[in-house]
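We name chains A, B, ... by the order of the sequence lines, and we start the count at 1 in each one.
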2 protein chains.
Amino acid sequence: MSQRPTIYAVAKRCGVSTTTVSRVMQDESFGSPATRERVLSVALELGWVPNGAARGLATRKAGIIGLLFPDLGELGVGEEESPLYVDQVVRGAERVTAAAGQAVLIAAVRASGGKSLAYSVAGKVDGLVIMSRSLSDKDVALIARTVPVVLLAHKPGRKSFDHVVVDNRSGAREMTSHLIEVHGYQDLVYVRGPEGSPDSHERFLGFCDSLEAAGLPVPEKPAADGGFTEAGGKKAMWQLLGSAKPPRAIVFGNDEMAIGAMDVLNKAKISIPGEVAITGFDDIAVARHVNPSLTTVKQPMRELGEQAVQLLFARLRDPKAGTKTIYLSTESVFRKSCGCGKANTNSKKGSKND
Amino acid sequence: MSQRPTIYAVAKRCGVSTTTVSRVMQDESFGSPATRERVLSVALELGWVPNGAARGLATRKAGIIGLLFPDLGELGVGEEESPLYVDQVVRGAERVTAAAGQAVLIAAVRASGGKSLAYSVAGKVDGLVIMSRSLSDKDVALIARTVPVVLLAHKPGRKSFDHVVVDNRSGAREMTSHLIEVHGYQDLVYVRGPEGSPDSHERFLGFCDSLEAAGLPVPEKPAADGGFTEAGGKKAMWQLLGSAKPPRAIVFGNDEMAIGAMDVLNKAKISIPGEVAITGFDDIAVARHVNPSLTTVKQPMRELGEQAVQLLFARLRDPKAGTKTIYLSTESVFRKSCGCGKANTNSKKGSKND
DNA sequence: TTGTACGCGTTATCAC
DNA sequence: GTGATAACGCGTACAA
């Protein structure tokens, strides 16, 4: 660490007190223009920047928001694709935080040593946004005693936390209803993600909602397990094709699985959506480019990050306020894999066609 | 800010001094097991986490690395796709930093107020990784007086900085040579990105290198300007199609433009690569999924972030060492748009086929 | 409008 | 192995 100049050096060189320097750096309009000018130019000359640690210690505010996310790369998920949504959340969070003049500290929580890192981060920030699957419920509760915490995409089980969640159930419900009402499919199945995924479960419930509303038989459980991966989607597809009567439409719990399945169908020369209609969930970047383009449910990832930070700011402003849960709705994106063409065959509010 | 417990509270409750508490938190093996146990459990009980600011002030180390990147979202580039490489760099940086027990602070530098934010960040970190196009050269020089800086993907003009750069020129050269030598194309053009983009220029130079080496006529400037966007790529393609003799192969400065062009060709029923071969640059996620799959040059974005942080750590360890420049090489990815099929028609070292 | 002096919570330097 | 105490650099009452 090189000898960075301090506020004392600047004050001395300016012939003013540290107080003056300090204030000039904070208030846009403080002191006589002459003093201001002088302080600012000396600071620049010396290359002085207020020390964040000292400032943080004095004000008891770090000016930093922390964002904890799971290190999905380690789970063996597809190299680049899957963890992508995390990036969008990060972007959203950064955006709002920067607008408030703060900075974002990010940390992937890994299986190894992730816990200690989380605590280290907790000591450096004013508040924490914790994404689903980063930390165990227990650790979340522990950390929440130390710094204000907002949970992201967690299942809003505990009312003791601020939450931002995506309404997975409604999203799946809307998509399933589209398949039933617009395209007239009667024989639909749902392919789920990994065991214990709350997201996958919620989507299944939405799927069932629609079947029930349409008077169709409601299954007790998903037709297959694709583990949220492309490979898993292929496997699930093979399994479905091998069954007595393959379904007319398949609602996949996410896009990766849907894309894997489409690959299988394309290779088997089974027409999509002619013989089997396919829908995904997430609207990852490639969904638009696969053939046929994938009808899916778009999650507002960026907004998720934005709202989480805003919720966190609100909490910092008023630590004693009651906890809030913000629900963000999804947006159905109708492309070709469900049977929609270029024309917009649906006019539901909040849906989109491209 | 709720009343967080301090080290005093913990020390008192344990019946030891703050020194002991402090040491237990740092050394994995300090003091008698009994004391350790006691301190740790009391810390947990009280929900105490060492205050980062105070710690930073005392040690003169923040334990935080800063990463500055341009806010491309504001440039009006395609919604989600383009800034994607930033995310990869962030991931790489986070990875290495976390491995060293540090955290990463990220900040998008926006046109408005970006500068002051950059200085604020500088005060909070031990060192800074600054991505190309985030800050003006002048601001970089200024900030570099305050904290150690590593430049990422900047043109390594100034020898006074540590750099990590991608060897764009070699990448373009290798790709162009592939088109000439393996596929035998004689009539090639290059489509550039926005005015003044050093990346685009380097790639053009590599393109020219190959032409010259093959004894083909070397153009003075790129055949068209696609501005690095999909729309720009379409426009450039129309322009090329309108010319007297459309080229046999087109080397695009990036993938977006290539994809835009492919769209035009597909709609015009012009066969790729039968009539026109296409290559891109970057290997964005969708490159693999377009039809035909796009042959392109992959940039090691993640590694870029990793190396930058490692370089920064080295600099922090030894502030007086000479500056270093790390060159990372690209990797050609041969898919179908250049004429390669499933079989690997090329055996160059460091290339890849999928 | 400007300056003095104390406190923020931790680590490091001594002494025991 | 453990404890007292002085920094660390800044913000901010309070005083002038």
Side-chain angles (χ1 to χ4, degrees), chain A residues 1-39 42-43 46-64 101 119-120 122-126 146-147, chain B residues 1-39 42-43 46-64 101 119-120 122-126 146-147:
Chain A
M1 189 111 305
S2 57
Q3 281 293 10
R4 295 192 200 176
T6 72
I7 195 172
Y8 297 110
V10 176
K12 194 170 182 182
R13 205 159 189 330
C14 288
V16 299
S17 75
T18 60
T19 311
T20 303
V21 175
S22 175
R23 283 181 176 149
V24 167
M25 297 306 289
Q26 297 171 63
D27 300 12
E28 284 296 326
S29 59
F30 173 87
S32 67
T35 339
R36 282 193 63 77
E37 181 75 14
R38 181 144 180 67
V39 169
V42 168
L46 262 44
W48 174 70
V49 178
N51 179 315
R55 181 176 264 186
L57 189 53
T59 59
R60 277 173 255 197
K61 287 194 173 96
I64 303 177
Y119 282 95
S120 152
K124 291 169 178 161
V125 302
D126 294 325
T146 304
V147 294
Chain B
M1 189 112 304
S2 58
Q3 284 292 12
R4 296 193 200 175
T6 72
I7 196 173
Y8 296 111
V10 177
K12 193 170 182 181
R13 205 158 188 334
C14 287
V16 298
S17 74
T18 61
T19 310
T20 302
V21 175
S22 174
R23 280 178 177 150
V24 167
M25 297 307 288
Q26 297 172 63
D27 301 11
E28 283 296 325
S29 58
F30 172 88
S32 67
T35 336
R36 282 192 64 76
E37 179 75 15
R38 182 142 179 68
V39 169
V42 168
L46 262 44
W48 174 71
V49 178
N51 179 316
R55 179 177 268 186
L57 187 55
T59 58
R60 276 172 260 195
K61 287 195 173 93
I64 304 178
Y119 282 96
S120 151
K124 291 171 177 162
V125 302
D126 295 325
T146 305
V147 293

Among dC8(C), dT11(C), dG9(D), the one nearest any side-chain atom of Arg60(A) is dC8(C)
Counting only side-chain N and O atoms of Thr20(B), is one of them less than 4.0 Å from OP1 or OP2 of dG3(D)? yes
Report yes if at least one side-chain N or O of Ser17(B) is closer than 4.0 Å to OP1 or OP2 of dG3(D); otherwise report no. yes
Below the 4.0 Å mark, does dT10(C) have OP1 or OP2 next to a side-chain nitrogen or oxygen of Ser22(B)? no
Check whether any side-chain nitrogen or oxygen of Gln26(A) sits under 4.0 Å from OP1 or OP2 of dT12(D), and answer yes or no.
yes
Looking only at dC14(C), dC8(D), dC10(D), the nucleotide nearest the Ala58(A) side chain is dC10(D)
When rounded to whole Å, the CD1 to C1' distance for the pair Ile7(B) and dT5(D) reads 14 Å
Within the modelled atom types, does a donor on one side and an acceptor on the other bring the side chain of Thr18(B) and the base of dA4(D) under 3.5 Å apart?
no
Ser22(A) meets the side-chain hydrogen bond (donor to acceptor under 3.5 Å, both in side chains) criterion, sequence neighbours left out, with Gln26(A)
Worksheet item: Counting distance only, does the side-chain N/O of Lys124(B) pair as donor-acceptor with the main-chain N or O of Gly63(A) below 3.5 Å?
Response: yes
Is there a donor and acceptor pair closer than 3.5 Å between the side chain of Thr35(A) and the base of dT2(C)?
no
Discussion item. Base, sugar-phosphate or nothing for Gly123(B)? Non-hydrogen atoms, less than 4.0 Å.
Written reply: nothing
Per atom distances to the Asn51(A) side chain, the nearest of dT2(D), dG9(D), dG9(C) is dG9(D)
Whichever of Arg23(A) and Tyr8(A) has the more 5' nearest nucleotide on DNA chain C, that residue is Arg23(A)
| request: Identify whether any heavy atom of Gly52(A) sits under 4.0 Å from a base atom; if not, whether one sits that close to sugar-phosphate; answer base, sugar-phosphate or nothing. | output: nothing
Regarding the side chain of Thr19(A), the nearest nucleotide among dT4(C), dT2(D), dA12(C) is dT4(C)
Q) Are Met25(B) and Trp48(B) close enough that some pair of their side-chain heavy atoms sits under 4.5 Å apart? A) yes
By side-chain hydrogen bond (donor to acceptor under 3.5 Å, both in side chains), Ser17(B) pairs with (sequence neighbours left out) Thr20(B)
